[in-house]
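Chain letters run A, B, ... following the sequence lines, proteins first and then strands; every chain starts at 1.
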Protein chains: 2
Amino acid sequence: MMELTRKGEYAIRGMIYLARQAPGKMALISEIAEATEVPPTFLAKIFQNFAKLGLVNSYRGTGGGFMLGRPASRITLREVVEAVEGPIIPNRCLMGSGACDFDKQCNVHPVWRRVQGQVVQILESVTIEELARDTK
Amino acid sequence: MMELTRKGEYAIRGMIYLARQAPGKMALISEIAEATEVPPTFLAKIFQNFAKLGLVNSYRGTGGGFMLGRPASRITLREVVEAVEGPIIPNRCLMGSGACDFDKQCNVHPVWRRVQGQVVQILESVTIEELARDTK
DNA sequence: CACCTTTAGGACCTGTTTTGTCTTTTATAG
DNA sequence: CTATAAAAGACAAAACAGGTCCTAAAGGTG
């Protein structure tokens, strides 16, 4: 249960790679993909989406590439994970109203909410900058 | 991310239903399935597995059916969830050794461990008995 | 302008997992 | 022996994961 998909894993690795670049330095998909051991075309898809969300900035043509859309210290792990995996929702019931018939009389609901709250809080408290810091 | 599957949802509903029966009273799959709005054959599969694990006791033949394998107060939500969904593991890396090349130098690892710990702790602290209590 | 580089977008594909169904077998009570 | 229920296993549709591939568009460069 609760497994991050490969896409999520790849996304995080890619973002960490970008965070480790010199400020203003552009990184190519091919370069990132190789360094992080991710299939290039797959990573491209992930980053294309991130560009739309503003998590990264992309530039085409010679000398183009990707860089973070914001300082790494202002990008949380939660943002990255939710951008690829969708919202953190342990149970469908927590989504739209009426999604769950048992909504009112269900004691499990509040438990899922607690789980959701805890996980979100943890992921929210971690920035890409921290993750990118040297591990000695 | 982190969504419980239908199977997990069904399993919990089924266990709660059993917990609400008078002690020693047997419940049929057909009866549980109808009450919880779960496809009978699907629920049967889930409970067959639970019987093996001792989460429920099953009896064949006339007057047979299912009952909890232990008092509801000694069955945690964690047990039920892990029985259907497998272990709570936010990232594959947390599994077998060597599953992750980036094992040593990866700052994300400890974050997933925290997530895992929190979720397990929450689910562990909730028993089926609590979930089965009347909601007024 | 022509050409090269690099991302953007979309169609497509394959394998696995989810969410079941159906049929046959086995155990048990009466 | 017969009716009842669960056990077991084969099967299958649909959704999702995890990619690939091809064409287009944008931006430099001579």
Side-chain angles (χ1 to χ4, degrees), chain A residues 1-14 17-18 21 25-34 36-69 81 83-87 89 91-92, chain B residues 1-14 17-18 21 25-34 36-69 81 83-87 89 91-92:
Chain A
M1 192 209 179
M2 309 207 359
E3 274 196 49
L4 194 70
T5 63
R6 255 169 237 280
K7 205 160 124 187
E9 172 76 26
Y10 294 165
I12 296 169
R13 284 198 221 154
Y17 183 89
L18 283 189
Q21 299 312 297
K25 206 223 148 197
M26 216 72 86
L28 300 181
I29 279 288
S30 52
E31 172 196 340
I32 309 169
E34 191 179 11
T36 55
E37 293 176 43
V38 173
T41 58
F42 199 24
L43 185 64
K45 292 295 181 196
I46 297 169
F47 270 30
Q48 272 167 34
N49 186 48
F50 279 13
K52 279 187 204 153
L53 299 173
L55 281 172
V56 302
N57 291 328
S58 67
Y59 305 88
R60 304 204 239 198
T62 313
F66 290 88
M67 49 191 292
L68 291 183
V81 168
V84 265
E85 308 275 7
I89 293 186
N91 192 306
R92 301 167 212 258
Chain B
M1 192 207 179
M2 310 209 359
E3 274 195 51
L4 195 69
T5 64
R6 257 171 236 279
K7 202 161 129 189
E9 173 76 26
Y10 294 166
I12 296 169
R13 284 198 221 155
Y17 183 88
L18 283 189
Q21 299 313 297
K25 205 224 149 199
M26 215 72 85
L28 300 182
I29 278 289
S30 52
E31 170 196 342
I32 309 169
E34 190 179 11
T36 57
E37 293 177 46
V38 172
T41 59
F42 199 24
L43 185 64
K45 291 294 181 194
I46 297 170
F47 271 30
Q48 272 166 35
N49 186 48
F50 278 13
K52 281 187 200 152
L53 299 172
L55 280 173
V56 301
N57 291 328
S58 68
Y59 305 88
R60 303 204 240 197
T62 312
F66 291 87
M67 50 189 292
L68 291 183
V81 168
V84 265
E85 308 274 6
I89 292 187
N91 191 308
R92 302 166 212 255

| said: It should be established whether B/Thr5 places a side-chain nitrogen or oxygen under 4.0 Å from OP1 or OP2 of nucleotide C/dT19. | reply: yes
| query | Taking it one step at a time, do A/Asn91 and B/Glu9 satisfy side-chain hydrogen bond (donor to acceptor under 3.5 Å, both in side chains)? | reply | CA-CA 8 Å; A/Asn91 192 306; B/Glu9 173 76 26; 2.8 Å; yes
| field | Distance below 4.0 Å between A/Thr41 side-chain N/O and D/dT20 OP1 or OP2 | value | yes
| note | B/Met26 CE to C/dT28 P, in whole Å, measures 12 Å
| query | Is A/Arg60 side chain donor-acceptor paired with the C/dT6 base, going by distance under 3.5 Å alone? | reply | no
| Which whole-number value in Å describes the distance from A/Glu9 CD to D/dG19 P? | 12 Å
| request: Answer yes or no: does a side-chain N or O of B/Arg6 lie under 4.0 Å from OP1 or OP2 of C/dT19? | output: yes
| message | Show, in sequence, the C-alpha distance, side-chain angles and deciding distance for A/Phe66 and A/Met26, and conclude whether the side-chain contact (heavy atoms from CB on, under 4.5 Å) test is met. | response | CA-CA 5 Å; A/Phe66 290 88; A/Met26 216 72 86; over 6 Å; no
| message | Using 0.5 Å steps for rounding, measure from the CD atom of B/Glu31 to the CG atom of B/Leu18. | response | 8.5 Å
| note | Separation of D/dG18 atom P from A/Gln48 atom CD, nearest Å, is 18 Å
| said: Just to be sure I understand the rule, does A/Phe66 reach a base, reach only the sugar-phosphate, or reach nothing, if contact means heavy atoms closer than 4.0 Å? | reply: sugar-phosphate
| field | Whole-Å distance separating the CD atom of B/Glu3 from the P atom of C/dT18 | value | 12 Å
| query | Contact class for A/Ser58 (heavy atom, under 4.0 Å): base, sugar-phosphate, or nothing? | reply | sugar-phosphate
| Roughly how far, to the nearest 0.5 Å, is the NZ atom of A/Lys7 from the CD atom of A/Glu85? | 7.5 Å
| said: If I take atom CZ in residue B/Phe47 and atom C1' in nucleotide D/dA7, what distance separates them, rounded to the nearest angstrom? | reply: 15 Å
| query | Is there side-chain contact between A/Ile29 and A/Phe47, with at least one heavy-atom pair below 4.5 Å? | reply | yes
| remark: Assign each of B/Ile29 and B/Lys45 the nucleotide of DNA chain D bearing its closest heavy atom; nearer the 5' end lies the nucleotide of B/Ile29
| field | d(CG, B/Leu28; P, D/dA5) in whole Å | value | 5 Å
| query | For the pair made of CD1 in A/Ile46 and C1' in C/dT7, what is the distance, rounded to whole Å? | reply | 15 Å
| In whole angstrom, what separates A/Asn57's CG from C/dT6's C1'? | 15 Å
| note | Of B/Glu85 and B/Pro40, the one whose closest nucleotide on DNA chain C sits nearer the 5' end is B/Glu85
| query | Given that A/Tyr10 and A/Tyr59 both sit by DNA chain D, which one's nearest nucleotide is further toward the 5' end? | reply | A/Tyr10
